[in-house]
Number of protein chains: 2
Amino acid sequence: MERVGLTTRRVAEAGAELADEVGFDRVTVSDLARRLGVATPSLYSHVAGSADLRTQIALLALEEMADRSAEALAGRSGREALAALGGSYRGYAREHPGRYAAARLPMDTATAVASAGPRHAAMTRALLRGYDLKEPDATHAVRLLGSLFHGWSSLELAGGFDHSAPDAATSWERVVDALDHLLRTWPGEGRS
Amino acid sequence: MERVGLTTRRVAEAGAELADEVGFDRVTVSDLARRLGVATPSLYSHVAGSADLRTQIALLALEEMADRSAEALAGRSGREALAALGGSYRGYAREHPGRYAAARLPMDTATAVASAGPRHAAMTRALLRGYDLKEPDATHAVRLLGSLFHGWSSLELAGGFDHSAPDAATSWERVVDALDHLLRTWPGEGRS
DNA sequence: GCTTTTGCCTAATGGTGTTAGGCTGATCGG
DNA sequence: CCGATCAGCCTAACACCATTAGGCAAAAGC
């Protein structure tokens, strides 16, 4: 038979496209094989199965997001960096909903540390160097920003902001203002 | 045959338990039927299918979470209310991971407005009455809190905070402090 | 008591995930 | 250049899940 020249990477990329089109949770080995013009079992030479396929898509998405964030952050600091990092997540989620969902897939620790995940944490930490936070407050802030960026993209993607004014973009700008303000006036141990 | 006396509600409850045990995305009509001691097609008298089953579980979870939040909020305001509301999400996610995941299921607009979803938004808005926010800042703050609570629970559930100090509970307290501080000093239009 | 409804059943179909094993085009040592 | 090995693809086969159609008998209403 005609060899199509598949590889794990190519399969993951096709899977990512499929995820964006039909939703990550509807990605199916059969459907993917169909799109690649190949019989279903043929994919098993490249991915270990359905679970592995999803993981591969997730790893791809994490890489892409990290690259995108790094580019957005270049040369910026303070509020600009905050807007850039958050915006890169928002944009990625909007443009690639399936991949974005994939990036949230829980994976085992070994895979997670070898993924682009740590790069994301590192970038958030780097961003915080523009503010005056000592440990452990910096860690708290990393977690706060991570949660907020993820939660926001997730809710916006689900259409949670669609049916009330003001629009999501306007709110987003003001939220970035609020975060910038918060990081510059981070409260100490005693209630201020 | 012995009638088991199923109803849509009971099926949803059993589905919720199953979700907590095996994960929401692994809930299957067959498995649920097996647990209920009934043939698979029998469930189709009570739920319209796999998708509907998931929606029913989601609706149940949203109700439970709203009830829990309402109870936690009773008689509290300010930082206490903030900790109570966020804590109720955190606690629910920890105790009922499958149900929590279900609650994030996207649903069509009609179903969403008839769900307990609006109650959640109303409670967050009520909480903000303890702070001095005018529209549209109150809406921005509702969205910020919603995103943060959801994002935090989601990341904590996925184990995102497990492999670094300090522990999640400590960070959480400080994040509540930060949010309380932010809401009390919410920045105006001009950069402060 | 008889009818109607309804809760459950079995049978059957089609789709998905996965394993086993075979064929053939590509690749590489001589 | 040629044979051996390997890799990429295939078909066959099985188990499991979702869903529809149609039947039977317990429960509920007149």
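Throughout, a chain's letter reflects where its sequence line sits, starting with A, and its residues are numbered from 1. Any value given below was found using the heavy atoms of this structure, including those in side chains, with hydrogens, waters and symmetry copies removed.
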So what does B:Ser30 touch, heavy atoms closer than 4.0 Å: a base, only the sugar-phosphate, or nothing?
sugar-phosphate
Contact class for B:Arg26 vs. all strands (heavy atom < 4.0 Å): base, sugar-phosphate, or nothing?
nothing
Rounded distance in Å - [atom1] ([X]) to [atom2] ([N]):
X	N	atom1	atom2	answer
B:Arg35	D:dC17	CZ	C1'	16 Å
B:Arg34	D:dA18	CZ	P	9 Å
B:Leu43	C:dT6	CG	C1'	15 Å
B:Leu32	D:dC16	CG	P	18 Å
B:Arg54	D:dC17	CZ	P	13 Å
A:Leu18	C:dT16	CG	P	11 Å
A:Leu6	D:dG8	CG	P	9 Å
A:Arg10	D:dG8	CZ	C1'	14 Å

State plainly whether the residues A:Arg99 and A:Glu63 are in salt-bridge range, i.e. N to O under 4.0 Å.
no
Does a side-chain N-to-carboxylate-O contact under 4.0 Å join B:Glu21 and B:Arg26?
no
Among C:dG17, D:dT19, D:dT11, which nucleotide sits nearest the side chain of A:Pro41?
D:dT11
Output the single nucleotide from D:dT19, C:dC8, C:dT18 whose closest atom is nearest the side chain of A:Tyr44.
C:dT18
Starting from A:Leu60 and following side-chain heavy-atom contacts under 4.5 Å between hydrophobic residues (I, L, V, M, F, W, Y), which residues can be reached?
none
Has [X] got a side-chain N or O lying under 4.0 Å from the OP1 or OP2 atom of [N]?
X	N	result
B:Ser42	C:dC9	yes
A:His46	D:dA7	no
B:Thr28	D:dA18	yes

Hey, does the side chain of B:Ser42 reach the backbone of B:Val38 with a donor-acceptor pair shorter than 3.5 angstrom?
no
Sequence-distant partners of A:Arg90, salt bridge (Lys or Arg N to Asp or Glu O under 4.0 Å), two or more places apart
A:Glu156
